[in-house]
2 protein chains.
Amino acid sequence: MTFPDARLPLYQRLRDDLAGRITRHEWRPGESIPSEAELASAHGVAVGTVRKAIDQLVAEGVLERQHGRGTFVRRAQFNSSLFRFFRFQSEQGERRVPESHILRRETMAAPSAAASALRLPEGTPLIFLSRLRLLGGEPVLAEEIWLEQVRFDALLRLEPSDFGDLLYPLYEERCGQVVISAEETLSVEVASPLQARLLRLEPQSPLIVIERLAFDLERRPIEWRRSRGPANRFRYHVEIH
Amino acid sequence: MTFPDARLPLYQRLRDDLAGRITRHEWRPGESIPSEAELASAHGVAVGTVRKAIDQLVAEGVLERQHGRGTFVRRAQFNSSLFRFFRFQSEQGERRVPESHILRRETMAAPSAAASALRLPEGTPLIFLSRLRLLGGEPVLAEEIWLEQVRFDALLRLEPSDFGDLLYPLYEERCGQVVISAEETLSVEVASPLQARLLRLEPQSPLIVIERLAFDLERRPIEWRRSRGPANRFRYHVEIH
DNA sequence: AAGTGGTCTAGACCACAGC
DNA sequence: CTGTGGTCTAGACCACTTC
């Protein structure tokens, strides 16, 4: 339980309260939350204040309004921009989801880079995943993923072959962790012999490197990953506002 | 003059009205707009409605509220994410603005790629600019830029040496065109002999290619540019929501 | 003290969905 | 017809800036 700062505006505390109840699965993705009038009377505030709190969560992509029907918890948005970097090569629409193979799954004490990214003390127990992703049989991404062990414990009790092709649905269903935003940093480097063999490239081929830090509803970083793929089949699209 | 659809909500029409007055330079960047109470009585609506219109423009980055002082037209935001791809090499903060040299400035009939990006009929008169950008004397970006001639006419009456290092302030001051959002597409290609010489690289070096389509207040595309730089000194940071 | 934006309330009326 | 979200109003009170 966090201490809601009483000096924060009402609608802010309400937003955090609702976000918490979604995190705690009081309302599940796809379900509707109580009506604005109900929430208002339950919290003893005006409807306008409830609307302002909901407005925020809608803007964050957590809730979705449907005129005349209600307000719903959004399901993980697998067509959203969070998945954009899968758009390797095939620019012609039809974003295919690459198949995934878990190569390694281990626990480790947080190395300094992962610890500082995830804002955890160095040495915190983490889960480390190594994944290879393929499109039409060809490797397109080699991924290294770090997760805080206490949050993602459930992943250790699952067969790596049962992980499926997408992690975020797994995070949501098995671990109750919802990703709603992320920061990515792109750069280009040259393939090491190891990476080259994994991606079936010639050594010294240019690689695109995507570092991603993913955040949950409470705006805490919960996943850090570093993905590498062949630079020549790469396209990346962003909207800047 | 556009026809405001009377079926649109009041606050939407108000938003468009305010956006238009900013475009037409009734209020200039850095200046304050009338107070919410004034706008409300001038338009014969409630203050809440004015606030909702202003909220939108604030979210779009056009206006900026200052508690107790007023609401201001934002100046072109040169530290904003629109300028992020200047962050070549020096990751350690201090984003320096590269110096710019205009290599070519011509008028041309819109080629099909530029026409379709800018959503203009093929053959529309355009201005074409070619720029080289340097950091500490070293070339970091070679840019090709296409602009609709009727909007950017003023650029033809200016000495290329007087363009300065940033184009968007120029667009704003000389042409009354304000960029508030953009889409970018990144890819990697291999330097042609020409590009290699321009960027002082060995031929066949990997290049990062950034295509940018920039939009104005009315959400119309007004600039299309393609920039190329050495891939190895490149870093790109995005927030995904 | 006067003027500005920020929060919050209470309620009217409209538009859409679903029975 | 009922319940839901969407728009709009009118006004109280607060917090910050400026003079």
Side-chain angles (χ1 to χ4, degrees), chain A residues 3-19 21-22 26-75 77, chain B residues 3-19 21-22 26-75 77:
Chain A
F3 269 72
D5 187 338
R7 292 163 303 182
L8 243 45
L10 250 181
Y11 71 89
Q12 273 293 354
R13 284 179 278 162
L14 229 172
R15 179 254 167 231
D16 294 342
D17 181 67
L18 298 179
R21 292 166 79 174
I22 295 166
E26 271 183 56
W27 308 305
R28 302 182 141 273
E31 289 179 8
S32 72
I33 69 173
S35 74
E36 299 177 346
E38 273 181 82
L39 287 171
S41 77
H43 287 82
V45 301
V47 186
T49 305
V50 173
R51 282 188 66 79
K52 223 173 159 180
I54 292 180
D55 279 343
Q56 277 203 30
L57 291 165
V58 169
E60 293 168 33
V62 179
L63 293 178
E64 185 176 2
R65 292 194 149 102
Q66 289 188 38
H67 194 167
R69 303 219 315 128
T71 302
F72 298 79
V73 180
R74 276 181 80 174
R75 339 187 128 271
Q77 299 129 53
Chain B
F3 268 73
D5 188 338
R7 291 163 304 182
L8 243 45
L10 249 182
Y11 70 89
Q12 272 293 353
R13 283 178 280 161
L14 230 172
R15 179 256 167 227
D16 293 343
D17 181 68
L18 298 179
R21 293 165 79 174
I22 295 166
E26 271 184 56
W27 308 305
R28 303 182 139 273
E31 290 179 9
S32 72
I33 68 171
S35 74
E36 298 176 347
E38 272 180 82
L39 287 170
S41 76
H43 287 83
V45 302
V47 187
T49 305
V50 172
R51 282 188 66 78
K52 221 171 160 182
I54 292 180
D55 279 344
Q56 277 204 29
L57 291 166
V58 168
E60 294 169 33
V62 179
L63 292 179
E64 184 176 5
R65 293 188 204 272
Q66 290 188 37
H67 194 168
R69 303 219 313 127
T71 301
F72 298 79
V73 181
R74 275 181 80 175
R75 342 188 124 271
Q77 300 130 54

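Rounded to whole Å, atom P of C:dA15 lies 14 Å from atom CG of B:Leu8. Between the P atom of D:dC16 and the CD atom of B:Glu64 lies a distance of 17 Å, rounded to the nearest Å. In this structure, B:His67 places its NE2 atom 18 Å from P of C:dA2, rounding to the nearest Å. Distance CG (A:Leu14) to P (C:dT7): 14 Å, rounded to an integer number of Å. As a whole-Å value, the separation of A:Glu36 CD from C:dA10 P is 16 Å. Straight-line distance from the CD1 atom of A:Ile33 to the P atom of D:dG3: 18 Å, rounded to whole Å. Taking atom CG on A:Leu10 and atom P on D:dA15, their separation rounds to 13 Å, with Å as the unit. Between the P atom of C:dG6 and the CD atom of B:Gln66 lies a distance of 10 Å, rounded to the nearest Å.
Here A:Ile33 contributes atom CD1 and A:Arg21 contributes atom CZ; the two are 9.0 Å apart, rounded to the nearest 0.5 Å. Here the OG1-CG distance, from B:Thr71 to B:Leu18, works out to 10.0 Å after rounding to the nearest 0.5 Å.
Remark on DNA chain D: of its neighbouring residues A:Gly68 and A:Asp55, the 5'-side contact belongs to A:Gly68, judged by nearest-heavy-atom nucleotide.
A close approach under 4.0 Å does not occur between any side-chain nitrogen or oxygen of A:Ser35 and OP1 or OP2 of D:dG3. Remark: A:Tyr11 is in phosphate contact with C:dT7, judged by side-chain N or O atoms under 4.0 Å from OP1 or OP2. Between B:Arg51 and C:dG6, a side-chain N or O to OP1/OP2 separation shorter than 4.0 Å is present. Within the 4.0 Å cut-off from OP1 or OP2 of D:dC8, not a single side-chain nitrogen or oxygen of B:Lys52 is found.
Taking the charged nitrogens against the carboxylate oxygens, A:Arg13 and A:Asp17 have no contact shorter than 4.0 Å, which rules out a salt bridge. Between B:Arg65 and B:Glu36 there is a salt bridge, since a side-chain N of the basic residue sits under 4.0 Å from a carboxylate O of the acidic one.
Candidate nucleotides C:dG5, C:dT9, D:dT9 were compared by shortest atom distance to the side chain of B:Thr71, and C:dG5 ranks first. Across D:dT4, C:dT9, C:dT7, the shortest atom-to-atom separation from the side chain of A:Thr49 is found for C:dT9. The side chain of A:Arg65 lies closest to D:dG6 when the candidates are D:dC8, D:dG6, D:dC16. For B:Arg69, the listed nucleotide lying nearest its side chain is D:dT18; candidates were D:dT18, D:dT4, C:dA17.
Residue A:Val47 is out of contact with every strand shown, counting any heavy-atom pair closer than 4.0 Å.
The closest donor-acceptor contact from the side chain of A:Glu31 to the backbone of A:Arg28 lies under 3.5 Å.
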